[in-house]
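In what follows, residues are counted from 1 in the order of the sequence shown. Both ligands and their constituent atoms are indexed starting at 1 by order of listing.
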Amino acid sequence: MGHPIRHSLSPRLHGAWIDHLGLDAAYVPLRVTEGGFERLVDGLKGGVFAGLNVTLPFKERALVLADEADEAARRAGAANLLVFSPDERIMAKNTDGLGLFYAFQQQTPHWRADQGPVVVLGAGGAARGAVAALMAGGAKDVRVLNRTLSRAEAIAADLGCSAFGWDQTERAFDGVATLVNATSGGLSGGDALPTPPPATCAGAVAMDMVYTPLKTAFLQSCEHLGYAPVDGLDMLIGQARPSFAAFYGVSPPEAVDSRAILLAALAGQV
Ligand code: NDP
């Protein structure tokens with residue numbers, strides 16, 4: 001569920017897993033108006049739906065609706081997964097951090113969360129999940145850089161990282177070793193940053209959560225500057241796996257080549 005939702009490849013991924021296992025289930029995209037989120041969740045809980053994955057811009061509001069939350073969602077202050085039980089209770093989880101680490105493992109196996117300063121661009125629900133997971137994973141110096149400084153400051157107050165606005169990019173980027181784009185700028189045709197990221201040292205990594213297109217303009221410019229690029233597809237897979245298990249009580253099938261399915265879906269969209 002999100003707004004927008006058309007870009008999401010989650011239905012393709014879950015659909016392929018459902019088909020492979022022959023489950024009597026469907027994973028459908030739901031576009032909800034910004035004001036309608038709470039009402040729709042209220043109508044779907046209580047066993048009407050198994051649950052929801054929540055995408056932009058609702059992850060923080062999703063946590064507020066929940067009766068219980070796992071540690072990752074509580075720490076982040078945002079949830080990408082709501083699991084409904086028949087007694088109307090809502091369990092909130094955050095699997096974005098698992099997805100982020102899975103993406104680094106797959107595409108830059110040498111990467112470590114504590115290899116140096118981490119700059120997270122954006123201060124929405126996905127950024128919250130990323131900052132919480134990076135700090136839990138050993139990152140010592142996490143800096144949130146956002147167009148709206150007050151939202152970055154809110155994350156800093158909650159999680160103990162530091163906050164920067166767009167007029168402070170030079171300080172924010174000093175010595176950066178890991179760069180994570182958690183803005184939706186690439187989706188809306190905007191830019192994640194007012195200026196390009198800085199040239200970098202060997203071993204630095206840049207990750208973009210946006211995967212439509214697979215090589216975003218941001219990722220291309222980072223790669224050009226010497227960062228090892230990590231695209232958003234493996235994060236999608238890594239956060240979807242625990243969601244699938246929560247909805248259907250079974251793990252996604254290992255035999256399915258999830259990345260190949262998503263690449264084919266992206267090729268079809270061109
Ligand atoms: P939110 O709507 O909660 O937050 C959006 C963030 O992007 C805000 O920080 C906002 O800044 C910033 N932003 C929006 N437009 C622009 C722009 N034109 N220029 C610069 N900054 C901009 O979204 P989420 O945090 O939920 O998601 C962020 C992105 O990450 C989405 O594109 C989503 O699809 C992707 N994502 C991908 C995942 C994956 O599995 N690959 C998993 C999770 C998220 P401001 O505060 O100033 O408005």
- prompt: Is it the side chain (CB and beyond), the backbone, both or neither of Leu121 that lies under 4.0 Å from ligand 1, heavy atoms counted?
  reply: neither
Ile155 versus Arg128, closest heavy-atom pair with distance: CD1-CG, 3.7 Å
- prompt: Which option, Lys59, Glu60, Met207, Arg147, owns the non-hydrogen atom nearest atom 17 (C) of ligand 1?
  reply: Arg147
message: Which heavy atom of Asn80 sits nearest to which heavy atom of Asp96, and what is that distance?
response: ND2-OD1, 3.2 Å
- prompt: For ligand 1, which atoms, with element, lie under 4.0 Å from some heavy atom of Pro57?
  reply: 2 (O)
query: Hey, which atoms in ligand 1 end up nearer than 4.0 Å to a heavy atom of Tyr211?
result: 41 (N)
message: Could you work out, for atom 25 (O) of ligand 1, the closest of Ala127, Ala126, Ala152 by heavy-atom distance?
response: Ala126
field: Nitrogen or oxygen of Asn146 less than 3.5 angstrom from that of ligand 1
entry: yes
- prompt: With backbone taken as N, CA, C and O and side chain as the heavy atoms from C-beta onward, which portion of Val210 lies under 4.0 Å from ligand 1: side chain, backbone, both, or neither?
  reply: side chain
query: Counting heavy atoms not belonging to His224, are there more than 12 under 6.0 Å from its NE2?
result: no
statement: Residues Ala73 and Ala92: closest non-hydrogen pair is CB-O, 4.0 Å
- prompt: Gln168 and Ala163: which non-hydrogen atoms are nearest, and at how many Å?
  reply: OE1-O, 4.4 Å
message: Restricting to non-hydrogen atoms, name the atom on Ala246 and the atom on Val83 that form the minimum distance, rounded to 0.1 Å.
response: CB-CG2, 3.9 Å
- prompt: Taking the six-membered ring for Trp, are the ring centroids of Trp17 and His14 within less than 6.0 Å of each other?
  reply: yes
message: Please confirm whether His7 approaches ligand 1 to less than 4.0 Å, judged on its heavy atoms.
response: yes
message: Contact between ligand 1 and Trp166 is defined here as a heavy atom of the residue under 4.0 Å from a ligand atom; is it met?
response: yes
task: Would you mind finding which of Gly238, Ala123, Ser184 brings a heavy atom closest to atom 14 (C) of ligand 1?
output: Ser184
query: Can you find an N/O atom of Gly122 closer than 3.5 Å to an N/O atom of ligand 1?
result: no
- line: Per-atom filter on ligand 1: closer than 4.0 angstrom to a heavy atom of Gly125 are 3 (O), 25 (O)
- prompt: Side chain, backbone, both or neither: which part of Ala182 has a heavy atom under 4.0 Å from ligand 1?
  reply: backbone
task: Mind checking whether Leu56 contacts ligand 1 via backbone (N, CA, C, O), side chain (CB onward), both or neither, at a 4.0 Å heavy-atom cut-off?
output: both
- prompt: Which one holds for Arg151 and ligand 1: side chain close, backbone close, both close, or neither close, with close meaning a heavy atom under 4.0 Å?
  reply: side chain
- prompt: Can we say Asp141 and Arg143 salt-bridge, meaning some charged N sits less than 4.0 Å from an Asp/Glu carboxylate O?
  reply: yes
- request: For Ser243 and Asn53, test the side chains for any donor-to-acceptor distance below 3.5 angstrom and give the result as yes or no.
  value: yes
query: Only one of Arg259, Gln106, Gln105 forms a side chain to side chain donor-acceptor pair (under 3.5 Å) with Asp234, so which one is it?
result: Arg259
